[in-house]
There are 2 protein chains.
Amino acid sequence: MDVDLRKLRYFVAVAERLHFGRAAEALHIAQPVLSRQIRALEEELKVQLFARTRRATELTPAGEQLLADAVPLLASAEALRRRVTRAARGAGTFTVGFMPGIIVTPAVRALRERHPDLTVEVVRTTWDDQTEVILDGRVDIGYVRLPIDQRGLRVRPLTSEPRVAVLPSGHRLAGKDLIGISDLADEHLLQDPDAVPEWRDIATELRRPGRRRPAPAFHAVEEKLEHVAAGHGIVVLPLSVVAFYTRPDVTYVPVTDLPPNQVCLAWDSARRNPLIGEFAAIATDLHATGPSPAW
Amino acid sequence: MDVDLRKLRYFVAVAERLHFGRAAEALHIAQPVLSRQIRALEEELKVQLFARTRRATELTPAGEQLLADAVPLLASAEALRRRVTRAARGAGTFTVGFMPGIIVTPAVRALRERHPDLTVEVVRTTWDDQTEVILDGRVDIGYVRLPIDQRGLRVRPLTSEPRVAVLPSGHRLAGKDLIGISDLADEHLLQDPDAVPEWRDIATELRRPGRRRPAPAFHAVEEKLEHVAAGHGIVVLPLSVVAFYTRPDVTYVPVTDLPPNQVCLAWDSARRNPLIGEFAAIATDLHATGPSPAW
DNA sequence: GCCTGTAATACCCTGGAGGCATCAGAGGTG
DNA sequence: CACCTCTGATGCCTCCAGGGTATTACAGGC
């Protein structure tokens with residue numbers, strides 16, 4: 001009748017590795033069990049999921065489709081679990097996520113005033129988990145910075161702010177009033193290139209292929225600034241972030257041909273919680289009519 | 001580890017009825033089994049879901065939360081099942097849903113030309129199932145008419161078209177060039193009031209409470225027109241629909257204070273299928289630059 | 001021809017989901 | 001107040017699905 005989430009989880013493990021033995025190991029079960037479960041899933045769905053040649057294992061089109069659907073489904077199931085537990089603990093809590101540099105206080109205060117009995121919490125996110133926390137139920141609504149993977153989310157634009165290049169104080173470009181992306185082509189970018197898509201378009205053509213890979217293992221703003229100060233490279237950040245996390249040994253320069261960073265509200269598109277809509281309205285309102293922020 | 005979808009289904013059955021016996025009956029299982037399963041679910045989540053007083057059963061806040069999350073999760077699971085089966089049958093098929101009066105041919109043809117090996121199918125929907133078919137996997141993308149419940153969907157506006165009142169040919173208003181909603185206040189609306197939200201705002205105040213309820217059991221356009229012709233009442237439809245399903249014994253009149261009907265593209269926000277994005281781009285493009293339709 | 005790596009098969013054991021019969025407590029009723 | 005009814009909970013049985021171990025079957029490489 002219903003699909004079994006356990007079987008789906010097993011399937012995903014195999015589909016991601018294309019190897020029963022290693023998948024079984026990762027799942028902490030014996031390999032024959034996994035073989036049988038997958039076969040059972042195939043029989044239940046009346047569909048072949050893997051093309052098994054004795055030597056290799058690969059996905060059929062149906063398997064590809066299942067993988068694409070199973071991953072978000074499992075995430076939703078996990079989110080459901082988390083939200084129920086949260087709902088039990090704090091009968092009335094509402095959690096707002098935000099990226100560094102975004103001011104959430106006015107909107108949060110407004111929501112508290114309208115619902116005196118409600119506990120409103122805030123959670124700081126990073127570039128990597130800003131959408132994750134929404135989909136897994138840790139926050140009810142989040143202030144996010146584009147670009148993001150919008151799958152499973154509803155997104156409403158709020159505002160945008162210019163981005164600047166953050167450099168060590170002694171850097172050759174440190175004194176400039178204004179630079180272009182091409183001036184930075186030889187710099188090492190200390191952050192996820194997805195956060196600065198234009199970087200790829202313009203800079204990567206100039207870069208030698210053998211160059212050291214990005215792979216930054218630090219995600220918080222403070223860590224990035226620390227590395228910039230140490231001269232390991234540069235980062236590109238929205239102006240408000242730099243203004244907030246100011247420190248003497250790094251400086252910043254506006255970059256002309258870098259489009260502004262778009263700040264949006266995002267929430268789980270499958271949910272129906274009146275507070276989400278209410279908060280979104282408040283926040284949108286504040287950003288439209290309220291006092292303009294520093295940038 | 002994972003939640004059990006069967007238990008969730010059982011929970012929803014009880015939560016919707018607030019009665020174990022009747023829920024068990026609806027699920028075709030014995031009542032003690034259901035009691036035990038719910039209790040097991042509560043223990044697994046470490047949360048009390050129902051407040052059981054010996055005489056009544058009601059939901060706790062955690063239960064409310066679970067109900068809100070479980071319903072879409074079960075729907076997603078069902079959709080996953082359906083999509084996998086479809087992916088197995090037609091290795092490469094893409095299905096487009098559309099409401100009556102919307103012309104999909106050019107976009108479908110364009111997609112076919114770009115992917116000669118792809119089977120592109122179209123499905124006509126009704127007001128009631130236009131979003132359902134998207135969420136349960138019967139279509140990959142749908143042309144929908146607002147207002148809709150956007151939960152679980154991504155929606156992109158396409159175009160809008162005026163709406164008209166459809167009347168029997170002999171109706172007192174049949175000859176008019178233009179009427180207002182208030183002229184229709186005494187008419188019987190033969191369709192889901194949600195389809196014409198303004199009807200509620202304006203007309204219901206004028207209506208006596210004891211009036212016959214809407215509850216229309218017919219949904220296809222042809223059926224509505226049949227009933228209008230028979231003098232059972234009137235309907236409000238987008239102009240293109242009336243133009244398409246023309247018949248001699250019904251006529252239509254533009255309504256001044258009825259905002260136009262918004263046509264959008266909508267697809268499952270959790271999915272990642274490049275064809276969806278491609279089709280959306282084609283359709284948006286056609287509607288922006290292509291030949292303007294009849295209305 | 002033999003060894004290795006990989007999935008499938010054979011067989012067993014346990015726990016959980018289902019059924020039936022019954023119990024227990026809260027309200028209503030004569 | 002005794003009794004009946006309605007409703008969910010318990011006790012006990014059966015059976016199958018999911019887990020484990022041992023082994024087989026087959027394709028390639030040496």
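Letters A, B, ... mirror the listed sequences (proteins, then strands); counts begin at 1. No experiment lies behind these values; they were computed from the predicted model shown. Heavy atoms only: backbone and side chains are in, while hydrogens, waters and symmetry mates are out.
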Residues A/Thr119 and A/Arg112: side-chain donor-acceptor under 3.5 angstrom | no

Count the heavy atoms belonging to other residues, nucleotides or ligands that lie under 6.0 Å from CD of B/Glu44, then report whether that count exceeds 12.
-> yes

Write down the distance between CD1 (B/Ile29) and P (C/dG19), rounded to a whole number of angstrom.
-> 6 Å

Name the pairs: protein N/O against N/O of nucleotides 15-17 of chain C, kept only if under 3.5 Å.
from   : atom 1 : to      : atom 2 : distance (Å)
C/dA17 : OP1    : B/Lys7  : NZ     : 3.0
C/dA17 : O5'    : B/Gln37 : NE2    : 3.3

Scan side-chain atoms only and decide if A/Gln130 and A/Arg145 contain a donor-acceptor pair under the 3.5 Å cut-off.
-> no

Out of B/Leu275, B/Val96, B/Asn273, which residue meets the side chain to side chain contact (heavy atoms under 4.5 Å, CB included) rule with B/Ile141?
-> B/Val96

Quick one, which residues of residues 14-23 of chain A touch DNA chain D with a heavy atom under 4.0 Å?
-> none

Roughly how many Å is it from CD in B/Glu25 to P in D/dC6, rounded to a whole number?
-> 14 Å

Separation of D/dG11 C1' from B/Arg39 CZ (nearest whole Å) | 15 Å

Length of the CG-C1' vector between B/Asp2 and D/dG18, whole Å | 14 Å

Got a list of side-chain donor-acceptor pairs under 3.5 Å for residues 25-33 of chain B, not counting sequence neighbours?
from    : atom 1 : to      : atom 2 : distance (Å)
B/Gln31 : NE2    : B/Ser35 : OG     : 3.1

To the nearest angstrom, how far is A/Ile38 atom CD1 from C/dA8 atom P?
-> 9 Å

Rounded to whole Å, CD of A/Glu43 lies from P of D/dA17 at a distance of 11 Å

Report yes if at least one side-chain N or O of B/Ser35 is closer than 4.0 Å to OP1 or OP2 of D/dG8; otherwise report no.
-> no

Under the salt bridge (charged side-chain N to carboxylate O under 4.0 Å, His left out) test, residues paired with A/Asp69 that sit two or more places apart = B/Arg83

Below 4.0 Å: OP1/OP2 of D/dG8 and any side-chain N or O of B/Thr57 = yes

Whole Å only: how far is the CE atom of B/Met1 from the C1' atom of D/dG19?
-> 16 Å

Rounded to whole angstrom units, what separation is found between the CD atom of A/Gln31 and the C1' atom of D/dT24?
-> 12 Å

Partners passing side chain to side chain donor-acceptor pair (under 3.5 Å) against B/Asp136 (at least two apart in sequence or in another chain) = B/Arg138

Sort and list the pairs that fulfil ring-ring contact (aromatic ring centres under 6.0 Å, His included) and have at least one residue in residues 33-52 of chain B, not counting sequence neighbours.
-> B/Phe11-B/Phe50, B/Phe20-B/Phe50

Would you mind classifying the nucleic acid contact of B/Ala30 as base, sugar-phosphate or nothing, using non-hydrogen atoms under 4.0 angstrom?
-> sugar-phosphate

Take atom CZ of A/Arg272 as the centre, draw a 6.0 Å sphere, and report whether it contains more than 12 heavy atoms from other residues, nucleotides or ligands.
-> no

